[in-house]
A.B. asks: 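Input: one structure, supplied below.
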Amino acid sequence: MLDVKFVRENIELVRNMLKNRQCDLDLEPLLKLDETRRRILVDVEEKKHRRNIASDEISGLKKEKKDSSSLVEEMKGLGQEIKVLDQQLAEAEQQFRDFLLIIPNMPDNSVPVGRDEKDNREVRTWGKKPAFDFKLKPHWEIGEDLGILDFERGARITGARFTLYWGAGAALERALISFMLDIHTRRHGYTEVLPPFMVNSASMRGTGQLPKFKEELFKLDGWDYWLVPTAEVPVTNIHSGEILEESALPRCYTAYTPCFRSEAGSHGKDTRGLIRQHQFNKVELVKFSLPEASYDELEKLLNNAETILQELGIHYRVIVLCTGDMGFSASKTYDIEVWLPGQETYREISSCSNFEDFQARRANIRFRRKGRSRTDLVHTLNGSGLAVGRTLVAILENFQQEDGTVIVPEVLRPYMGNMKVIEKLQ
RNA sequence: GGAGAGAUGGCCGAGUCGGCUGAAGGCGCUCGCCUGCUAAGCGAGUGUAGGGUGUAAAGCUCUACCGAGGGUUCGAAUCCCUCUCUCUCCGCCA
């Protein structure tokens with residue numbers, strides 16, 4: 001959510017931002033609502049002031065045993081007026097707030113202006129595309145041939161975009177989760193958290209999934225509970241409504257959660273394999289930062305995510321998203337795209353964003369500078385570190401061998417009972 | 001699921017028959033004094049949000065907030081209703 005005052009005073013900047021984001025939204029109603037709401041507010045506050053004074057007078061009169069009935073009568077009328085105005089105000093505030101909630105965040109100045117993913121810019125690459133002298137398979141073939149990925153039974157148990165993992169496949173997924181969490185906690189200094197996998201509407205609103213992206217979420221019937229689409233939601237909301245000490249920042253958390261996404265609007269896209277599932281595992285990195293430090297923290301967070309692929313020894317590239325491709329809540333986003341030789345393509349495996357104070361304002365996450373009385377909004381950041389299912393995909397495709405087996409990356413072997421090669425499950 | 005208790009400021013904790021209680025008292029914290037250092041002691045200060053005024057900061061001022069929402073009343077932290085959450089006991093369960 002943007003600051004109302006900022007919008008009021010920089011209306012042209014905001015209009016330009018909407019244009020750059022390819023977002024068609026007319027701001028006129030917002031300005032009108034703001035005006036209406038403030039007009040009513042001034043009126044009702046003045047009336048309440050009068051009522052407060054009169055109440056004191058009545059109290060005084062009663063103490064002196066004097067008659068107060070005419071004043072009481074008068075206040076009855078005023079009370080009615082206040083009641084009506086309060087209702088109007090509540091309505092105006094609600095509409096105003098609802099509108100503010102659907103305005104996307106301002107991109108940082110360093111973000112390239114562009115229409116869509118074609119205008120994203122490559123920042124750097126790491127490693128090289130591996131060379132093979134045999135015919136490569138996509139991961140779904142590798143997984144099915146080894147008997148470790150079972151798409152058919154996954155679909156039978158639940159439906160399309162659900163997968164059953166067997167044996168070394170299941171173990172590899174678990175190994176990756178442990179490995180990632182260990183690196184981030186032990187080497188990068190993050191605190192591990194294990195949050196609820198369902199959240200309420202307030203949390204979804206806090207991070208920006210609601211009200212605009214309802215159709216991408218799974219909701220529990222009869223409950224105000226939603227399945228988390230990413231750990232970002234529960235973990236960022238850890239501190240919602242809190243005022244943190246300046247000395248407590250930055251706070252760096254890492255969490256494993258499954259992620260549930262409806263993938264509405266993706267029909268027919270990535271239907272094969274593990275790339276696009278309704279349920280997948282992810283290790284997330286979340287930071288709460290001082291405003292002046294948040295872009296440094298973003299670079300660090302990105303590096304922390306990259307470390308995982310470097311340790312695994314898999315080629316990737318980093319891109320910065322342009323204004324037209326960036327998410328609703330983000331001010332700046334880097335994507336890490338991993339190389340998948342079986343499909344001869346790069347695929348997003350991590351998305352690292354700075355949200356500045358956009359989420360903090362929605363979720364009301366503040367801090368107090370030492371020696372100062374006023375509070376400020378923190379900056380929030382997060383990034384995948386990494387998407388586990390897609391990492392498993394990258395391992396299968398990058399470390400496949402001609403005989404159909406897959407080499408287990410060195411760093412994962414301690415987590416897999418020293419397994420060196422994944423062979424066909426008997 | 002059954003029975004009961006509770007929810008007040010950063011924390012603990014008062015709030016009488018509704019009326020200067022935004023809220024006593026204590027702790028903590030901040031600043032100052034004192035003191036070889038530390039501790040103790042002394043003094044002052046210490047909620048949040050929104051609005052008005054102000055070029056802005058400061059300041060001044062108003063309104064709201066004692067779990068959330070609604071009601072009664074001229075007036076509610078105090079009375080009534082609904083909901084949420086926490087705790088205790090029993091039952092059940094991983």
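Here is the naming used below: chain letters follow the sequence lines, and residue numbers restart at 1 for every chain. As the structure is a computational prediction, the values presented were derived from the model and not from experiment.
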A.B. asks: In whole Å, measure the gap between the P atoms of B:rG25 and B:rA44 for me.
C.D. replies: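 Between the two P atoms, the distance is 12 Å.
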
A.B. asks: Can you tell me if the side-chain N/O atoms of A:H49 get under 4.0 Å from OP1 or OP2 in B:rU63?
C.D. replies: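 Result: yes.
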
A.B. asks: Return the pairing partner of B:rC66 with a 3.5 Å limit on both distances, Watson-Crick or G-U wobble; otherwise return none.
C.D. replies: none

A.B. asks: Who does B:rU78 pair with, Watson-Crick or G-U, both distances under 3.5 Å?
C.D. replies: none

A.B. asks: Which nucleotide, in any strand shown, forms a Watson-Crick or G-U wobble pair with B:rU88, with both distances under 3.5 Å?
C.D. replies: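 With both distances under 3.5 Å, B:rU88 matches B:rA3.
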
A.B. asks: Test: salt bridge (charged side-chain N to carboxylate O under 4.0 Å, His left out). Region: residues 229-244 of chain A. Which pairs qualify, not counting sequence neighbours?
C.D. replies: none

A.B. asks: Determine the sole option in A:L285, A:I183, A:T191, A:V286 for which the side-chain contact (heavy atoms from CB on, under 4.5 Å) test with A:T254 is passed.
C.D. replies: A:L285

A.B. asks: List the protein contact pattern of nucleotides 49-58 of chain B with one symbol per nucleotide (5' to 3'): B for base contact, S for sugar-phosphate-only contact, - for none; contact means a heavy-atom distance under 4.0 Å.
C.D. replies: SBSS------

A.B. asks: B:rU82 and B:rC89: how far apart are their C1' atoms, nearest whole angstrom?
C.D. replies: 26 Å

A.B. asks: Please list all pairs meeting salt bridge (charged side-chain N to carboxylate O under 4.0 Å, His left out) that have one or both residues in residues 294-306 of chain A, counting only residues at least two apart or in different chains.
C.D. replies: A:R124-A:E306, A:K287-A:E297, A:E297-A:K300

A.B. asks: Under a 3.5 Å cut-off for both distances, is B:rG45 Watson-Crick or wobble paired, and to whom?
C.D. replies: B:rC29

A.B. asks: Sequence neighbours left out, what pairs pass side-chain hydrogen bond (donor to acceptor under 3.5 Å, both in side chains) with at least one residue falling in residues 144-154 of chain A?
C.D. replies: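 Those involving residues 144-154 of chain A are A:K137-A:D145, A:D150-A:R153, A:D150-A:W166.
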
A.B. asks: When you compare the side chains of A:N354 and A:S294, does any donor N or O come within less than 3.5 Å of an acceptor on the partner?
C.D. replies: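 Indeed, the side chains of A:N354 and A:S294 share at least one donor-acceptor pair under 3.5 Å.
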
A.B. asks: Suppose the criterion is ring-ring contact (aromatic ring centres under 6.0 Å, His included): which pairs have a residue in residues 347-370 of chain A, not counting sequence neighbours?
C.D. replies: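 Passing the test, one end in residues 347-370 of chain A: A:F328-A:F358.
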
A.B. asks: Produce the list of close N/O pairs, under 3.5 Å, pairing protein atoms with atoms of nucleotides 20-23 of chain B; give distances to one decimal.
C.D. replies:
none

A.B. asks: Considering only the C1' atoms, how many Å lie between B:rC66 and B:rG18, rounded to the nearest integer?
C.D. replies: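 Result for the C1' pair: 15 Å, nearest Å.
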
A.B. asks: What's the gap between B:rA56 and B:rG51 when it is taken at their P atoms, as a whole Å value?
C.D. replies: 14 Å

A.B. asks: Which base, if any, makes a Watson-Crick or G-U wobble pair with B:rU38, both distances under 3.5 Å?
C.D. replies: none

A.B. asks: Hey, can you tell me if A:H184 and A:H188 have their rings parallel, tilted or perpendicular (30° and 60° cut-offs)?
C.D. replies: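 A:H184 vs A:H188 ring planes: tilted.
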
A.B. asks: According to salt bridge (charged side-chain N to carboxylate O under 4.0 Å, His left out), does anything in residues 318-336 of chain A pair up with another residue at least two apart or in another chain? List the pairs.
C.D. replies: none

A.B. asks: A:R15 vs A:E28, test: salt bridge (charged side-chain N to carboxylate O under 4.0 Å, His left out). Steps then yes/no.
C.D. replies: CA-CA 10 Å; A:R15 287 208 175 98; A:E28 273 315 308; 3.1 Å; yes

A.B. asks: Rounded to whole angstrom units, what separation is found between the CD1 atom of A:I365 and the P atom of B:rU48?
C.D. replies: 18 Å

A.B. asks: Between atom CD in A:E246 and atom P in B:rC29, what is the gap in whole Å?
C.D. replies: 18 Å

A.B. asks: Please write out each protein N/O paired with an N/O of nucleotides 7-13 of chain B under 3.5 Å, distance rounded to 0.1 Å.
C.D. replies:
none

A.B. asks: Test side-chain contact (heavy atoms from CB on, under 4.5 Å) on A:D34 and A:V4; report intermediate values, then the result.
C.D. replies: CA-CA 9 Å; A:D34 185 33; A:V4 205; 4.2 Å; yes

A.B. asks: Across nucleotides 68-84 of chain B, 5' to 3', mark each nucleotide with B, S or - according to how protein heavy atoms within less than 4.0 Å reach it.
C.D. replies: ---SS-BS---------

A.B. asks: Taking only N and O in the side chain of A:N52, is any of them less than 4.0 Å away from OP1 or OP2 of B:rC62?
C.D. replies: no

A.B. asks: With both distances under 3.5 angstrom, what nucleotide forms a Watson-Crick or G-U wobble pair with B:rA56?
C.D. replies: none

A.B. asks: Sticking with atom C1', work out how far B:rC92 lies from B:rG1, rounded to a whole angstrom.
C.D. replies: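 Per the computed distance, 8 Å lies between those C1' atoms.
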
A.B. asks: Please enumerate all residues that pass side chain to side chain contact (heavy atoms under 4.5 Å, CB included) together with A:S203, with sequence neighbours excluded.
C.D. replies: A:V199, A:N200, A:V233, A:N237

A.B. asks: Between A:V408 and A:M419, which heavy-atom pair has the shortest distance, and what is it?
C.D. replies: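 Result for this residue pair: CB-O, 3.5 Å.
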
A.B. asks: If you look at every heavy atom in A:G114 and A:T323, which pair is closest and at what distance?
C.D. replies: N-OG1, 3.0 Å

A.B. asks: Checking base pairs now: Watson-Crick or wobble, both atom distances under 3.5 Å. What partners B:rU21?
C.D. replies: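 Pairing partner: none.
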
A.B. asks: Does A:Q94 have any side chain to side chain contact (heavy atoms under 4.5 Å, CB included) partners at least two apart in sequence or in another chain, and if so, which?
C.D. replies: A:D98

A.B. asks: Under a 3.5 Å threshold, yes or no: a donor from one side chain and an acceptor from the other, between A:R362 and A:N364?
C.D. replies: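 No, no side-chain donor-acceptor contact under 3.5 Å.
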
A.B. asks: Are A:R115 and A:D119 within salt-bridge range, i.e. N to O under 4.0 Å?
C.D. replies: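 No salt bridge links A:R115 with A:D119.
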
A.B. asks: Just verifying a value: how many Å separate A:E284 CD and A:C352 SG, rounded to the nearest 0.5 Å?
C.D. replies: 8.5 Å

A.B. asks: Check each residue of residues 196-208 of chain A for a non-hydrogen atom within less than 4.0 Å of any atom in RNA chain B, then write out the ones that pass by number, or none.
C.D. replies: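 Hits under 4.0 Å, by residue number: none.
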
A.B. asks: When the C1' atoms of B:rG10 and B:rG47 are compared, how many Å lie between them, rounded to an integer?
C.D. replies: 9 Å

A.B. asks: Pairing check on B:rU73: which nucleotide meets the Watson-Crick or G-U wobble criteria with it, both distances under 3.5 Å?
C.D. replies: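 Across all strands, not a single nucleotide pairs with B:rU73.
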
